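Structure record follows, encoded as structure tokens.
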Amino acid sequence: MTEATSSATQHNDNDGESNPYPAHWGPTAWTLLADLRQRCPLVQCLTNFVSMDMAANTLIAAGASPAMIHSLGEIPDFTPQTHALCVNVGTLSPSWVPAMKAAAELMIKLGKPWVLDPVSAGASGFRLNTCLALVGLKPTVIRGNGSEIIALSKASLGASKGVESAHGSSMDALEAAKSLAKSSGSVVAVSGAVDIVTDGNRVVGVHNGVPMMQKIAATGCAVTALIAAFVALDPSHPLEATASALSVFGIAGELGMVLAKGPASLRVHLIDSLTALDEAALLSRVRIADM
Ligand SMILES: Nc1ncnc2c1ncn2[C@@H]1O[C@H](COP(=O)(O)OP(=O)(O)OP(=O)(O)O)[C@@H](O)[C@H]1O
Ligand SMILES: Cc1ncsc1CCO
Ligand SMILES: [Mg+2]
């Protein structure tokens, strides 16, 4: 047993009342990851230039198949072949918007899931209006940091540190996340030390990951792509799929951290750990709780 696995067993050994993490979440997350590796869902990503590499490698490490195909002209032929779509506005320019809308509309028409990452939604009017229009196209899941979810929920420009959250805790965005989930019909996830996932009524917290994950560009974008792959497997249970993807990605970070010397090597070891993640390590580390 590695050092990482042995310490994990201590905090998730189902020792009755002292353990706040219901035992069903481990098998739920493992079943989805095993299914993902078996079915290798094709995930189309219209994503920002910074995240293309990290998101593609995260999808491959998990067992999915990424395609960073974003031109409007290819959508009618290509998008129907996909199992899920990820739209990320990180390096938005006006020429990208028609393709984002067309791909999302086509997924809805085909009854397939799509996921929105509203990077820095409150940074400018153009970005906010684009994100609000995309929310109107009924994403299955919206995943952002605290500032992004608050800006979307209030439909107003707001404080952020560029693409990073200006809010110290994801909990600051809990009410905004619930309200956005209710108004949009989407599952909403807020990343942070504890990732919050809500459908507007039910709320779960995912207590996996390590703080250094924030020091790697595009970990948030990568986990949004991973959520798209998980939702492809079971589109009728997006809350379970989203919480499981966040937990699996966080666990890969925890395991990677054992070998990492800093953010650059954590990035490498996170991808390696996600590739190698087995049932025993996953079951001992999943930390998802009702809130
Ligand atoms: N303090 C923390 N402790 C543990 N995990 C964290 C912490 N902060 C963030 N994470 C994890 O890091 C990942 C990225 O979350 P973050 O909130 O930094 O996204 P983001 O701001 O959208 O990132 P980016 O825009 O760079 O892609 C998530 O998987 C999240 O769970
Ligand atoms: C740094 C950065 N700028 C636009 S998108 C992006 C990646 C993290 O969201
Ligand atoms: Mg982000």
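Everything numeric here is computed off the predicted structure, so don't read it as measured data. Just follow the structure's listing: the first ligand is 1, and inside any ligand the first atom is 1.
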Report yes if [X] has an N/O atom closer than 3.5 Å to an N/O atom of ligand 1; otherwise report no.
| X | value |
| --- | --- |
| S191 | yes |
| S165 | no |
| D195 | yes |
| V223 | no |

**Report entry** Contact with ligand 1 for C221, non-hydrogen, under 4.0 angstrom
**Finding:**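 Per 4.0 Å heavy-atom rule, C221 contacts ligand 1.
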Requested in this report: With heavy atoms under 4.0 Å as the rule, classify the contact between C221 and ligand 2 as side chain, backbone, both or neither.
Outcome: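 Within the 4.0 Å criterion, C221 contacts ligand 2 through side-chain atoms alone.
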Report task. Flag the pair P41 / L233 as yes when at least one side-chain heavy-atom distance between them is below 4.5 Å, and no otherwise. Result ->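 Answer yes - side chains close enough.
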**Report entry** For the student: nearest non-hydrogen atoms of T58 and L274, plus distance
**Finding:**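 Shortest heavy-atom contact: O-CD2, 3.6 Å.
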Query raised in the report: Taking all non-hydrogen atoms of both residues, which atom of P263 and which atom of K215 are closest, and how far apart?
Result: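 So the minimum-distance heavy-atom pair works out to CB-O, 3.5 Å.
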Query raised in the report: Roughly how far, to the nearest 0.5 Å, is the CD atom of E240 from the CG atom of D234?
Result: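 Answer for the CG-CD pair, D234 versus E240, is 7.5 Å.
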Query raised in the report: Short list, please: which atoms of ligand 1 are under 4.0 Å from a heavy atom of G209?
Result: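 What qualifies from ligand 1 is 4 (C), 5 (N).
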Query raised in the report: Looking only at protein heavy atoms, which one is nearest to atom 1 (C) of ligand 2, and how far off is it?
Result: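 Minimum-distance protein heavy atom for atom 1 (C) of ligand 2 reads V163 CG2, 3.8 Å.
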Query raised in the report: Among all protein non-hydrogen atoms, which one is nearest to atom 6 (C) of ligand 2, and what is the separation to 0.1 Å?
Result: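 The closest heavy atom on the protein side is V50 CG2, 3.7 Å.
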